[in-house]
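As structure tokens, the structure follows; a few thoughts come after it.
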Amino acid sequence: MSGRKKELVNRFIIDYFILFITWCGMFRRSFNCDTLFHYAHPEVDIIGRCEGGRYLSGLLDYILYRFGRTTADHTGITVMIAVFLLAAAVWTVQASFEEKINCRNIYGKIAYHAIFALLFSNVLFSESLMFGECSLMFGLAYLFASIGVRLFTGRKYGAAFLLFLCSAMEYQVAVAYAAIILSAWIFMQNDYKITKRTVGQELLCGFSAFGAGLIDMVSIHLLVKLGILESAEKNAGMGDLLGKILVCIKDFSVLLGDSRGLLPKVWLPLLVFLFAGGITLRKFIKEKNGMAVLYYCLLMAAMFLMVYALPMAQLEIMPYPRMVWIFYVVQTMALLIAFRFTEGKAMCYICCGYLAVQIMFCQFIVMNHMLSNTLDKTYAMMFYEEVEKYEAETGITVKRLGVANDIDAPQSYNSVHYKTDQINERALGIVTNTLVDVITGREFEKVPMDEEVYRDYFAGKDWDYFNASEQIVFVGDTAYWIIF
């Protein structure tokens with residue numbers, strides 16, 4: 001093997017190893033609410049993917065479905081494959097920047113890998129892997145986008161656009177991911193100068209990436225009008241523009257502080273941005289390069305705006321972590337730009353320390369995810385034990401299940417500490433019927449909670465623990481369960 005090939009192989013091994021230690025806890029079977037639904041009703045989810053413009057993901061699911069399989073059958077395996085695809089994405093993006101950044105010492109090489117590892121080894125990206133059935137979709141989306149970035153940097157613009165389109169047909173956030181990376185590359189490629197060429201490249205970058213996303217979104221509504229799809233899952237529109245802007249500003253401040261409660265609230269992400277920005281601006285100011293200072297400030301502002309581009313495009317803004325995790329792509333690019341001006345020990349220690357913090361809290365998130373899954377399965381089986389006891393005592397087979405929540409049924413367990421949005425949400429109380437069906441292997445007909453039963457046994461009550469004698473009532477062949 002030649003020296004160059006050996007270097008590339010070693011680089012990929014390092015990229016994969018970092019992602020492996022970050023997410024290996026997800027290499028076992030796990031689920032969230034959407035995973036359970038996909039497992040129980042894959043054919044409905046396939047249509048849902050297409051109605052959301054994720055045609056390639058829907059096609060993959062359809063092929064598996066025709067063979068009697070789903071991506072929810074073995075989520076640990078799908079996450080394993082996804083991590084491999086994400087490592088390939090990191091490796092591809094690195095290749096796009098290697099001509100601009102030459103590591104001259106061991107500290108520089110370590111920092112280089114630590115910076116790029118932040119692309120997918122960060123706490124916000126964990127929500128993407130909560131959806132085990134979608135992990136291949138995310139892996140392919142970001143790999144396609146990364147290859148598109150590589151083709152764009154090689155001036156193969158047509159091929160790059162096709163890859164961006166493929167990434168959008170997997171998951172639309174990938175086009176914003178690509179646009180952020182390319183904006184930083186153009187900044188470095190043109191030596192921080194605003195010229196006609198720079199402006200032209202930035203515009204081409206925006207049209208190529210976001211244009212691919214726009215075509216994907218328009219295609220959904222076109223297929224609805226043609227009667228091929230029944231409805232569009234994504235509804236684009238202005239809506240309350242000022243309200244959406246205020247939501248984004250508030251959310252951005254939270255991301256800078258503690259990344260939605262997933263990091264200690266010591267403003268670590270903000271400090272890292274200040275560190276990277278300080279190094280870069282100090283360099284430009286020292287050189288009295290006012291144009292570079294202006295370009296850098298405009299670049300950072302544009303990249304931050306791109307984080308919220310897709311949430312803002314929706315009629316009702318929903319900045320889920322799986323959408324705004326590209327906040328960390330911006331941070332990666334900011335550190336990478338600063339890295340061009342210093343490869344000292346300080347840069348190495350700070351980048352590695354920050355990566356270590358991200359990996360540590362990713363591990364905490366994964367451990368809490370497994371705890372949440374265990375509690376879901378435990379309560380489902382405890383309910384089923386009551387069903388079997390009732391059937392043994394009465395000889396009546398329970399065929400139907402009606403569920404309701406008590407006055408305050410939270411979306412996550414109190415003992416699960418790292419949670420936000422769909423990161424470590426509990427299935428109990430959200431998709432209880434599906435949870436019971438999947439865990440017990442027995443299907444109960446879903447029926448509404450009986451008003452009389454609710455009034456007689458559950459009205460006005462609020463539990464903070466499982467109590468079968470108070471929370472489960474049987475009436476004939478129907479079980480009624482109030483969720484704490």
Side-chain angles (χ1 to χ4, degrees), residues 32-66 70-72 127-128 131 133-142 144-145 148 158 161-179 206-241 243-244 247-248 306-324 326 421-422 430-431 434 446:
N32 75 350
C33 296
D34 291 67
T35 310
L36 292 170
F37 181 83
H38 185 86
Y39 184 85
H41 309 286
E43 70 287 352
V44 178
D45 232 8
I46 290 169
I47 296 172
R49 299 279 174 88
C50 294
E51 290 177 342
R54 300 161 193 165
Y55 309 118
L56 294 181
S57 175
L59 176 61
L60 174 60
D61 283 355
Y62 177 74
I63 293 172
L64 289 172
Y65 179 67
R66 294 292 293 177
T70 76
T71 49
E127 190 185 56
S128 299
F131 303 85
E133 79 286 2
C134 294
S135 56
L136 289 180
M137 177 182 78
F138 292 121
L140 287 169
Y142 297 121
F144 287 153
F161 177 77
L162 290 176
L163 265 297
F164 293 150
L165 190 58
C166 287
S167 70
M169 290 181 181
E170 287 284 356
Y171 193 61
Q172 290 87 358
V173 175
V175 299
Y177 158 89
F207 286 132
S208 297
F210 287 105
L214 180 61
I215 289 174
D216 181 65
M217 296 295 289
V218 170
S219 70
I220 305 172
H221 297 279
L222 179 60
L223 292 174
V224 171
K225 286 187 176 182
L226 293 173
I228 298 174
L229 296 177
E230 290 186 8
S231 62
E233 183 183 297
K234 305 296 180 183
N235 292 315
M238 295 295 290
D240 181 6
L241 183 59
K244 291 196 291 186
V247 169
C248 291
M306 282 189 270
V307 171
Y308 292 97
L310 292 180
M312 283 289 292
Q314 296 181 353
L315 194 60
E316 295 184 6
I317 187 166
M318 295 177 287
Y320 297 121
R322 59 185 177 275
M323 299 180 73
V324 300
I326 50 177
D421 295 279
Q422 288 186 275
I430 302 175
V431 289
T434 306
K446 184 178 180 179

> Is any side-chain heavy atom of L64 less than 4.5 Å from a side-chain heavy atom of T70?
Replying inline: no

> What orientation do F37 and H41 show, parallel under 30°, tilted 30 to 60°, or perpendicular over 60°?
Replying inline: tilted

If you look only at distance, which donor and acceptor atoms sit under 3.5 Å apart when one is on a side chain in residues 308-317 and the other is two or more places apart or in another chain?
unit_1, atom_1, unit_2, atom_2, d
Y308, OH, D251, OD2, 2.6
Y308, OH, F252, N, 3.2

> When rounded to the nearest 0.5 angstrom, what distance separates SG in C166 from CZ in F161?
Replying inline: 10.0 Å

>> Can you confirm whether Y39 is buried at OH, in the sense that more than 12 heavy atoms of other residues, nucleotides or ligands lie under 6.0 Å from that atom?
In response: no

Using the test side-chain hydrogen bond (donor to acceptor under 3.5 Å, both in side chains), find all partners of [X] that sit at least two apart in sequence or belong to another chain.
X    : answer
Y171 : none
T71  : H38
S219 : Y55
E170 : none

> Tell me the salt bridge (Lys or Arg N to Asp or Glu O under 4.0 Å) pairs involving residues 33-52, sequence neighbours left out?
Replying inline: R49-D61

>> Evaluate M306 against F210 for side-chain contact (heavy atoms from CB on, under 4.5 Å), listing each step before the verdict.
In response: CA-CA 10 Å; M306 282 189 270; F210 287 105; 3.6 Å; yes

> Can you name the closest pair of heavy atoms from I215 and L165 and give their distance?
Replying inline: CG2-CD1, 4.1 Å

